[in-house]
Amino acid sequence: MSDADEHGYFGQFGGRFVPEVLVQPLQELEAAMHAAFADESFWSRYGQLLRDYVGRPSPLFVADRLSSSAGGATIVLKREDCNHTGAHKINNTIGQGLLALRMRKTRMIAETGAGQHGVATATTGALLGIPVEVYIGAEDARRQSLNVYLMKLLGATVRVVESGSRTLKDATSEAFRDWAASAGSTFYCIGSVVGAHPYPSLVKRFARVIGDEARAQCQERLGRLPDHVVACVGGGSNAIGIFAAFLGDSQTKLWGVEAAGRGLDSPAENAASLLRGTIGVLHGARTMVLQDGGGQVSATRSIAAGLDYPAVGPEHAHLQASGRVTYVGVDDRQALDAFSELARQEGIVPALESAHAIAHACDLARARPRDEVILVSCSGRGDKDAARFALGEPH
Amino acid sequence: MSDADEHGYFGQFGGRFVPEVLVQPLQELEAAMHAAFADESFWSRYGQLLRDYVGRPSPLFVADRLSSSAGGATIVLKREDCNHTGAHKINNTIGQGLLALRMRKTRMIAETGAGQHGVATATTGALLGIPVEVYIGAEDARRQSLNVYLMKLLGATVRVVESGSRTLKDATSEAFRDWAASAGSTFYCIGSVVGAHPYPSLVKRFARVIGDEARAQCQERLGRLPDHVVACVGGGSNAIGIFAAFLGDSQTKLWGVEAAGRGLDSPAENAASLLRGTIGVLHGARTMVLQDGGGQVSATRSIAAGLDYPAVGPEHAHLQASGRVTYVGVDDRQALDAFSELARQEGIVPALESAHAIAHACDLARARPRDEVILVSCSGRGDKDAARFALGEPH
Amino acid sequence: MSRNLGAATISGVFDGCKSADRAAFVAYLMAGDPLPSTTAALIRAAIDGGADIVELGFPYSDPLADGPSIQAAATRALRAGTTFDSVLQIARSLPVPVPLVAFSYFNPLYVRGLERCARDLHQAGFAGAVIPDLPPEEGAEAVAVFASAGLALSFLVAPTTPAKRLSLIARVSTGFIYVVSRMGVTGSVTVIDRGTKALAQRLREQTDKALAVGFGISTPQQARMVATFADGVIVGSALVDLIASSPPDQALPAVRSYCARLSAACRRGADNA
Amino acid sequence: MSRNLGAATISGVFDGCKSADRAAFVAYLMAGDPLPSTTAALIRAAIDGGADIVELGFPYSDPLADGPSIQAAATRALRAGTTFDSVLQIARSLPVPVPLVAFSYFNPLYVRGLERCARDLHQAGFAGAVIPDLPPEEGAEAVAVFASAGLALSFLVAPTTPAKRLSLIARVSTGFIYVVSRMGVTGSVTVIDRGTKALAQRLREQTDKALAVGFGISTPQQARMVATFADGVIVGSALVDLIASSPPDQALPAVRSYCARLSAACRRGADNA
Ligand SMILES: Cc1ncc(COP(=O)(O)O)c(C=O)c1O
Ligand SMILES: Cc1ncc(COP(=O)(O)O)c(C=O)c1O
């Protein structure tokens, strides 16, 4: 296992590089997190909401037609797209929302890129009766107008960020700035396994329901563990969530898929922090960062807004360094092909983020025998992307 | 119980009023239906797909905040919005798709209004490897561009119908015309408990998983049956599906909610076939029809495209006549209010169709004590409607 | 049956044609298309051209058995304000009685009341009716009501109709039996289904009633072919299209000459090979 | 500590001000804003106006601790091509040595390498540094490296800093301790938080090191109030805004006169009540 040490480090990655105003709020959060994790009533309320509200367990689906069309190993999908709000993000926001209630915070803030985490947080706020404000880059707000509408409909205040590259990284910075001024009353509900300690550990704990369920389902339905587990990596929460359960299964190969955008070798045209980044510090953690030689954070680009982030959760940097997980890139074109392919072969329209994982799974399947099992995290549904394309956005 | 007699009649409603070319295909379908229903392997494959693909059982969710805000009885939601593709329609299309495979049909056709049944059929076709063509009125295609995009993405051919009022009724007529010419090879996958015998019985059988699950969940979670069950009625499949399990529970009051559009008393501005229709024959069945004195079918209007149909399943006409179910109208404005209210109070964005049922449930709740239980069929999610509004369509 | 004047009239027409070694030519027109006021003259033109029977369509909002041509004609007629009563009025206004068959979907009849409809149709001069979406299983009441009003009621058979139902339909039909020449809805086609002849022959084994073939016939060649094995040839969509595409002042002569060519094609003699 | 020339220089300035019964006035400027070529003159103007210490901001793409004014200044500076090296160049180009403190986020320092940064800053004439996103728990290496390069390293305390950490920060800071006057990020406010004085007093119980208060101070009135309990008054966003809003040819006199008013407000004598 690779949990964080007491200072929030996974190997050399992680930590808490934040302005002094945020140190005490993070310590308070850390203490509350440990208390909640040790409290059975917390988990029972969490489990109840995951079942009755989110609709868990999410299905495990053997994608026979996709497997045949890829022409090789058996591809199995963990269907986070079936969750309420359509992605894995809600597993995390409900956990953090319950923690916010325990901490008697009266307001939640969040950053969002694709809008999925924003919608999940707005949803959780409505469910638990906590007012929510969501920061979103102006560029993303334009690309994800459906999710912006949904957040407002759910009662959240949407704050459009015009600074920097006007995408997820800037929305995240803005959320941290808000929190610096409001931490007494406000819970910052971060959307992935990124940020300063204890966030990567906190988010991981709520994401790992994906892997825990999938591992048990594989054993029950297939009578065995998968040979491969594949997940896309933006900040890295769905990937950590599914990997967590398999880290100890040394025969199971783990694959993280980064967004290669217009190509891994086109600087500022991809979002492959692990494959093309260098060690740096962003949003409170030491991790792999896409940046120039002077430490200025680079612009990124991916067709999947949820992967369009220049850093990655520190645990992934560690899993890369340790060699336990192999990271690969899938570009826009390949992701779009997988998006249509899964729709046509199985009637499942995946999020473009998830389509990156599907694309790699098909690649893996091609060369392998039918009795090898490839488990893929289908982290979300693609309605948000279909809405963009239905509006005529080119793809 | 109120199943159809051998001629497909529920009391005086139902039957098979179709052109001669369709009689034999309907007889063939009826025979295949009975054979499938008697075959355990059919149900086991169906149950497996509902679990691993659709994500059933769908949750039962106690809407505490909505109940408090309505200020009375306890509202409980049956969450068909959590199903893959976002509505109850998929329960039916998967059943019919499996039947199409049994009958060795090589093509499926469907009509659609809101696009939900079209998406569900396209999805099922992709899943089972059956080519699909979907008829949709030109007016609906314009209103539901997201769903049109999704159907195409799923590999279906979308046929836009320019005849008549260019809405669901005309798409249905067109599907029947197609089937008249193609029944040898083609399965007509109808989207609700309407049409000629055996369709109302066939669709009911696949819809009743809603009520069977909900009844068991109520007993397990609440230790009792609901006092009221509420569902919206377009063609009537989600309503029949949830009512079916409770018809024998005489203490449980059943409510069907029709679309009152711009008002029950504005002719051609609502879609309340049971409340404002007269007995007639449409699409093969004797039922309640919105029509003029000369038997010409009226134009209808509802903000919910899925309710915008001038007739209703014959079993509902019977349940109205027998008094077992009470039918009421909810207008556009009330449905829109319920749409926002559920979003804000519980973080659930319902389909506008389902919002009609929510609105009536809130009305019922208001006057009643907290220990009364109102079970509502939340038949679908509202992303399709949010997409329309996000594009600036007025509401 | 002998008391059914309408059925007798229709049978008489078929008998007359048979004696003349020809098939009866049945012309279908949509009442009220393009206007209620133009229909009577179009009927006369068809008769002048040689139509032996006129099938008069009652426009309906949801004509499930019709293809685009007749759907569009119904839409035009309804937009022009055509109602059940105005179609009756058209029939009554014809100067000489012609053998008229009402073609109406079931719902307008059902809503008006079957008894009232039968009475009204009879009084307006109709000899019989075809209800394209009423199979005999649902038609018991209509059969009784129309018979006692002295109106023929013709049911349809289709290529898929199983043997058992063929004899049922043969039994309950009066006037003639409508043989649908192919799977599908009304509308012109380029080739008449090869199975139609076999279907007519199977039916012939069950009944002596007249068999009229329709759905898809549009050319004299097709009519000639069908006339070799059927008692009647029904042409609808092609005629409706012709009216729709003719300039208003040329519709009547166009209908007359088109009907004349079709009527000629219905002759079976050696001169018509 | 006595070998840390930078820390000694900075302490010297604070000592001098104390003797003069005034708080030190620390002026923050963003290097490279609006252009790398204008910064040296702006620094001179601030010094001419009476700045005792200049904090020079290194522009960074993701300035988490800064409000809109300084974010925008960083964006302008980066767009103008400002790099770490060009800031060093600006510092080296100043004609007379002034007490300069580098204000940089951690990442650019980390990526360049802490040892190299410390050496470069020292050689360019900086006396010390503030790293706003480096809490002491993560700062052990920076503390050692900067100390051995002869540079002061000032950590920040905030209203929420618990007592235990106050003493840690007091212990590891050199040159001065940066007292953040409120929760939040940089940017002008209308009222200085009442807790700031109490925070300074709590800190004073732990250390004799100079305490400079910043975040939000923009008017002479505010400076005067803060000067009553702090050893230094830091003004940043207001100065950055002034430069951004001045016509190019008036920025230098505007900065000079604004600094003069702030510097005057830092006097504690009876003449300044
Ligand atoms: C469906 C989906 N998958 C994946 C991601 C990437 O996030 P993470 O890497 O934290 O799972 C997102 C982010 O919005 C998402 O919406
Ligand atoms: C979500 C939803 N609910 C209800 C309906 C109405 O159909 P029915 O009355 O058959 O349940 C539709 C039809 O599209 C729908 O999409």
Side-chain angles (χ1 to χ4, degrees), chain A residues 6-9 14-28 161-166 169-186 195-197 277-287 289-299 310-311, chain D residues 58-68 71-72 74-75 77-78 82-87 104-113 117 131-139 155-162 164-166 168-169 177-187 189 215-216:
Chain A
E6 57 175 323
H7 303 295
Y9 277 89
R16 185 179 284 163
F17 296 83
V18 292
E20 178 61 25
V21 275
L22 289 176
V23 171
Q24 185 275 336
L26 287 165
Q27 289 174 334
E28 180 195 0
V161 176
E162 300 282 356
S163 59
S165 60
R166 316 198 308 163
K169 125 183 127 60
D170 311 285
T172 308
S173 297
E174 212 50 46
F176 269 113
R177 290 183 187 113
D178 179 317
W179 202 39
S182 65
S185 62
T186 297
H197 180 60
T278 50
I279 303 181
V281 167
L282 185 65
H283 295 143
R286 181 186 293 145
T287 185
V289 179
L290 286 164
Q291 53 188 339
D292 67 16
Q296 305 293 344
V297 179
S298 305
Chain D
F58 284 62
Y60 179 53
S61 54
D62 294 81
L64 211 66
D66 285 301
Q71 279 180 59
T75 303
L78 289 172
T82 312
T83 62
F84 204 96
D85 286 320
S86 50
V87 185
S104 173
Y105 284 85
F106 186 59
N107 194 48
L109 305 174
Y110 178 77
V111 167
R112 189 177 180 92
C117 284
I131 308 175
D133 57 347
L134 187 72
E137 288 84 349
E138 302 288 359
F155 287 89
L156 298 86
V157 299
T160 46
T161 307
K164 228 178 87 188
R165 297 189 75 254
L166 278 186
L168 166 68
I169 293 168
I177 299 167
Y178 196 128
V179 180
V180 172
S181 62
R182 59 178 175 117
M183 297 300 289
V185 292
T186 60
V189 293
F215 276 43

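Heavy atoms only: backbone and side chains are in, while hydrogens, waters and symmetry mates are out. A note on names: the letters A, B, ... follow the listed sequences, proteins ahead of strands, and every chain is numbered from 1.
Contact record, Val281(A) with Phe106(D): CG2-CD2, 3.7 Å, taken as the closest heavy-atom pair. Contact between Val111(D) and Gly293(A) at its shortest, heavy atoms only, is CG1-O, 3.4 Å.
Interatomic distance, CD of Gln296(A) versus CZ of Phe58(D), reported as 11.5 Å (0.5 Å rounding). Within the model, atoms OG1 of Thr278(A) and OH of Tyr110(D) stand 9.5 Å from one another, a figure rounded to the nearest 0.5 Å.
Only the side chain of Ile169(D) comes within less than 4.5 Å of a heavy atom in chain A; its backbone stays farther off. Looking at Ile279(A), the atoms closer than 4.5 Å to chain D (heavy atoms on both sides) sit in the backbone and in the side chain alike. In this structure, chain A has a heavy atom under 4.5 Å from the side chain of Arg165(D), while its backbone stays farther away. With a 4.5 angstrom heavy-atom cutoff, Val297(A) touches chain D via backbone and side-chain atoms both. Contact annotation for Ile131(D): neither backbone nor side-chain heavy atoms come within less than 4.5 Å of a heavy atom of chain A. Both the backbone and the side chain of Thr160(D) come within contact range of chain A, with heavy atoms under 4.5 Å apart. Looking at Pro136(D), the atoms closer than 4.5 Å to chain A (heavy atoms on both sides) all sit in the side chain, from C-beta outward.
Chosen from Gly139(D), Ala74(D), Pro59(D), Pro108(D), the residue pairing most often with chain A at heavy-atom distances under 4.5 Å is Pro108(D). Across Val185(D), Asp62(D), Thr83(D), the residue that shares the most heavy-atom pairs under 4.5 angstrom with chain A is Asp62(D). Chain D forms more heavy-atom pairs under 4.5 Å with one residue of His7(A), Lys169(A), Glu28(A), Gln27(A) than with any other, namely Lys169(A). Listed options Leu134(D), Thr161(D), Val157(D), Asp133(D) were ranked by heavy-atom pairs under 4.5 angstrom with chain A; first place goes to Asp133(D). Among Pro162(D), Ala158(D), Ala65(D), the residue making the largest number of heavy-atom pairs under 4.5 Å with chain A is Ala158(D).
Between the side chain of Arg177(A) and the main chain of Asp66(D), a donor-acceptor pair closer than 3.5 Å is present. Counting only distance, with no hydrogens or angles, the side chain of Asn107(D) and the backbone of Gly295(A) share a donor-acceptor pair below 3.5 Å.
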Exercise. Start with the C-alpha gap between Gln24(A) and Met183(D), add the side-chain angles, then the distance that decides, and say whether side chain to side chain contact (heavy atoms under 4.5 Å, CB included) holds.
Key: CA-CA 11 Å; Gln24(A) 185 275 336; Met183(D) 297 300 289; 5.9 Å; no

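Between Leu64(D) and Pro19(A), some side-chain heavy-atom pair lies under the 4.5 Å cut-off.
Between Arg286(A) and Glu138(D) there is no salt bridge, since no side-chain nitrogen of the basic residue lies less than 4.0 Å from a carboxylate oxygen of the acidic one.
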